[in-house]
Participant: 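Sharing a structure, written as structure tokens. Questions coming.
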There are 2 protein chains.
Amino acid sequence: MENKRSDCPISCSLEIFGDKWSLLIIRDIMLREKVSFSEFLASEEKIATNILVNRLNLLESEKILVKEVSPLNKSKFVYSLTQKGADLLPIVIEIMDWGAKYNKNCPRKELGKRIKSDKPAVIKELSLALKKKIK
Amino acid sequence: MENKRSDCPISCSLEIFGDKWSLLIIRDIMLREKVSFSEFLASEEKIATNILVNRLNLLESEKILVKEVSPLNKSKFVYSLTQKGADLLPIVIEIMDWGAKYNKNCPRKELGKRIKSDKPAVIKELSLALKKKIK
DNA sequence: AATTTGTTATTGCAAAATACAATAACAAAT
DNA sequence: ATTTGTTATTGTATTTTGCAATAACAAATT
């Protein structure tokens, strides 16, 4: 961890995930059941392999993710959220809601519509589901 | 607006404010009553002038901020939030709450404590206050 | 009128982050 | 043995950011 810019919690948070990629990896794990390097790599936003490696290591070092050997395939790793990582859920949901509200080209799909109609319920439900999977 | 990476609302949002600075400017306007270039510049995180200019222009072009000549000082500009910008409030609050929860060096001050004890009330109250100031 | 001060913006250059392509390491599967 | 799949590294070009200096210009001061 580098030297902090300030003690502001917003600033500290942005030093960790204030970039264009980190929260997309979190999204993939949280909302799309992705768990591995190759699955993250396959996402539509086309992250480069070196950046993906870098972000996964960073998120792991911040204890937002945990990396383990896959029980199904010993030559594969799987990433899971810690409680700290799972607690990013409300942030992700709020960003998703704002983005859908202000972007014509981001039509709300099922989850987006449920967020629009009852955000707290969605957060509660997803949070419970995550609880079963955190490390 | 460049070419979008995808239609995901999270990705679209991060293309706008997914960096280490934009949300700090929003924070300064939302929570610290700052309105001008020199006030943003004075924040503890020490943003560079060229980056500040760049972010202000970007946020203005995204219609998150509006720039006007100050009524008090004609050689000064003041920035205010649009409704789109004010709607970032829940994101800012959630990031603040997460940062305070997971960072020893970010002691909760008054606002932080109120967020911890009743987040929806804080958001509602601040959102009402912002409503009176949006352009 | 000339000078100083305050505010916003620009420029030049170094450093860091990102994009993109190629390929390496290595275990599993064939 | 060879091929395939998964993760990681390397090299190079481009873009973004950090930092310092300074410009433009109006208001305030002398």
Side-chain angles (χ1 to χ4, degrees), chain A residues 1-6 11 14-26 28-29 32-62 65-80, chain B residues 1-6 11-26 28-29 32-62 65-80:
Chain A
M1 227 185 298
E2 332 82 55
N3 267 352
K4 287 207 310 264
R5 298 181 292 188
S6 77
S11 174
L14 292 177
E15 291 198 48
I16 296 175
F17 57 76
D19 68 82
K20 300 208 184 325
W21 296 107
S22 298
L23 287 179
L24 289 187
I25 297 172
I26 304 294
D28 282 351
I29 303 180
R32 304 186 173 182
E33 326 294 337
K34 298 193 177 190
V35 297
S36 69
F37 186 94
S38 52
E39 287 172 329
F40 305 141
L41 197 62
S43 285
E44 43 192 338
E45 290 86 8
K46 302 270 166 273
I47 189 170
T49 60
N50 55 348
I51 298 180
L52 179 53
V53 169
N54 179 264
R55 288 309 118 87
L56 287 172
N57 289 339
L58 226 60
L59 291 171
E60 192 190 4
S61 77
E62 293 289 345
L65 299 181
V66 166
K67 174 184 185 175
E68 296 168 306
V69 172
S70 166
L72 302 172
N73 179 343
K74 285 188 182 179
S75 75
K76 193 171 173 175
F77 294 103
V78 293
Y79 295 85
S80 15
Chain B
M1 226 185 300
E2 333 81 53
N3 266 350
K4 288 208 310 262
R5 299 181 291 188
S6 77
S11 174
C12 294
S13 298
L14 292 177
E15 290 198 48
I16 296 175
F17 58 76
D19 68 81
K20 299 210 183 325
W21 296 109
S22 298
L23 287 179
L24 290 187
I25 298 172
I26 303 295
D28 282 350
I29 303 180
R32 302 186 175 182
E33 326 294 337
K34 299 193 176 189
V35 296
S36 70
F37 185 94
S38 52
E39 288 172 329
F40 305 142
L41 197 61
S43 285
E44 42 192 338
E45 290 88 8
K46 301 269 168 274
I47 189 171
T49 60
N50 56 345
I51 298 179
L52 179 52
V53 170
N54 178 264
R55 287 309 118 86
L56 287 172
N57 289 339
L58 225 61
L59 292 170
E60 192 189 4
S61 78
E62 292 290 345
L65 299 181
V66 167
K67 175 185 185 175
E68 296 169 307
V69 173
S70 165
L72 302 172
N73 180 342
K74 285 187 181 178
S75 75
K76 193 171 172 174
F77 294 104
V78 294
Y79 296 85
S80 14

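Within every chain, numbering begins at 1; the chains are lettered A, B, ... in the order of the sequence lines, protein sequences first and strands thereafter. Computation of the quantities below employed the complete heavy-atom set of this structure, encompassing side-chain atoms and omitting hydrogens, waters and symmetry-equivalent molecules.
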Participant: Ignoring backbone atoms, test whether A:Lys76 places a side-chain nitrogen or oxygen under 4.0 Å from the OP1 or OP2 oxygen of C:dA29.
Facilitator: no
Participant: Out of D:dT7, C:dT8, D:dC19, which nucleotide sits closest to the side chain of B:Phe37?
Facilitator: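 The nucleotide sitting nearest to the side chain is C:dT8.
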Participant: Could you check whether B:Lys46 gets within reach of a base, just the sugar-phosphate, or nothing at all, counting any heavy atom under 4.0 Å?
Facilitator: nothing
Participant: Does A:Phe40 reach a base, just sugar-phosphate, or nothing at all? Heavy atoms under 4.0 Å.
Facilitator: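 A:Phe40: no heavy atom of the nucleic acid under 4.0 Å.
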Participant: Nearest to the A:Asn73 side chain among C:dT10, C:dC20, C:dA28, which nucleotide is it?
Facilitator: C:dA28
Participant: From A:Ser61 OG over to A:Leu56 CG, what is the distance, rounded to the nearest 0.5 angstrom?
Facilitator: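 Going from the OG atom of A:Ser61 to the CG atom of A:Leu56 covers 11.0 Å.
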Participant: Please check the phosphate of C:dA17 (OP1 and OP2 only) for any side-chain N or O of A:Arg55 closer than 4.0 Å.
Facilitator: no
Participant: Measure from CG on B:Asn54 to C1' on C:dA9 and round the result to the nearest Å.
Facilitator: 12 Å
Participant: With a 3.5 angstrom cut-off on both distances, give the Watson-Crick or G-U wobble partner of C:dC13, or none if there isn't one.
Facilitator: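 Partner of C:dC13: D:dG18.
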Participant: So what's C:dA29 paired with, Watson-Crick or G-U wobble, going by both distances under 3.5 Å?
Facilitator: D:dT2
Participant: Please tell me which of A:Lys20 and A:Ser36 maps to the more 5' nucleotide of DNA chain D, matching each residue to the nucleotide holding its nearest heavy atom.
Facilitator: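 So the residue in question is A:Ser36.
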Participant: Return the value, rounded to whole Å, for the distance between atom CD of B:Glu15 and atom P of C:dT18.
Facilitator: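 Roughly 14 Å, once rounded to whole Å.
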Participant: Nearest to the side chain of A:Asp19, heavy atoms from C-beta on, is which of C:dT8, C:dT18, D:dA27?
Facilitator: C:dT18
Participant: Once you round it to whole Å, what is the distance between P of C:dT7 and CG of B:Leu41?
Facilitator: 11 Å
Participant: Can you tell me the distance, in whole Å, between the CD1 atom of A:Ile25 and the C1' atom of C:dT18?
Facilitator: 14 Å
Participant: Does A:Glu15 reach the main-chain N or O of A:Arg5 with its side chain, forming a donor-acceptor pair under 3.5 Å?
Facilitator: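 Yes, the answer is positive, given that a donor and an acceptor are paired below the 3.5 Å cut-off.
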Participant: With respect to A:Phe40, which candidate in A:Ile29, A:Leu24, A:Thr49 satisfies the side-chain contact (heavy atoms from CB on, under 4.5 Å) definition?
Facilitator: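 Single pass found, and it is A:Ile29.
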Participant: Can you spot which of A:Glu33, A:Glu45, A:Lys34 makes a side-chain contact (heavy atoms from CB on, under 4.5 Å) with A:Asp28?
Facilitator: A:Lys34
Participant: With rounding to the nearest 0.5 angstrom, report the CG to OG distance, A:Leu14 to A:Ser22.
Facilitator: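 A:Leu14 CG to A:Ser22 OG: 11.0 Å, rounded to 0.5 Å.
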Participant: Within the structure, does a side-chain N or O atom of A:Trp21 lie under 4.0 Å from either OP1 or OP2 of C:dA17?
Facilitator: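 It does not, given that no N or O in the side chain of A:Trp21 lies less than 4.0 Å from OP1 or OP2 of C:dA17.
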Participant: Whole angstroms only, please: what is the CG-C1' distance between B:Leu52 and C:dT8?
Facilitator: 9 Å
Participant: Examine the side chains of B:Asn73 and B:Ser70 and answer whether a donor and an acceptor come within less than 3.5 Å of each other.
Facilitator: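 Side chains of B:Asn73 and B:Ser70: no pair found under 3.5 Å.
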Participant: Would you mind reading off the distance between B:Glu60 atom CD and C:dT8 atom C1', rounded to a whole angstrom?
Facilitator: 13 Å
Participant: Taking the side chain of A:Ser38 as heavy atoms from C-beta outward, which of D:dA8, D:dT6, D:dT17 is closest to it?
Facilitator: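 So the nucleotide nearest the side chain must be D:dT6.
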Participant: How is B:Lys74 classified with respect to the nucleic acid when contacts are heavy atoms under 4.0 Å: base, sugar-phosphate, or nothing?
Facilitator: sugar-phosphate
Participant: Just how far, in rounded Å, is P of C:dT10 from CD1 of B:Ile51?
Facilitator: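 Computing the B:Ile51:CD1 to C:dT10:P distance gives 15 Å.
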Participant: Toward the 5' end of DNA chain D, which comes first, B:Ala48 or A:Val53, by nearest nucleotide?
Facilitator: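 It is A:Val53 whose nearest nucleotide is closer to the 5' end.
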Participant: May I ask you to verify whether the side chain of B:Thr49 and the base of C:dT10 hold a donor-acceptor pair under 3.5 Å?
Facilitator: yes
Participant: Has the side chain of A:Ser75 got a donor or acceptor that lies under 3.5 Å from a partner of the other kind on the base of D:dT7?
Facilitator: no
Participant: Whole angstrom is fine here: how far is it from CG in A:Leu58 over to C1' in C:dT18?
Facilitator: 14 Å
Participant: Mind checking A:Asn50 for me? I need base, sugar-phosphate or nothing, with any heavy atom below 4.0 Å counting as a touch.
Facilitator: base
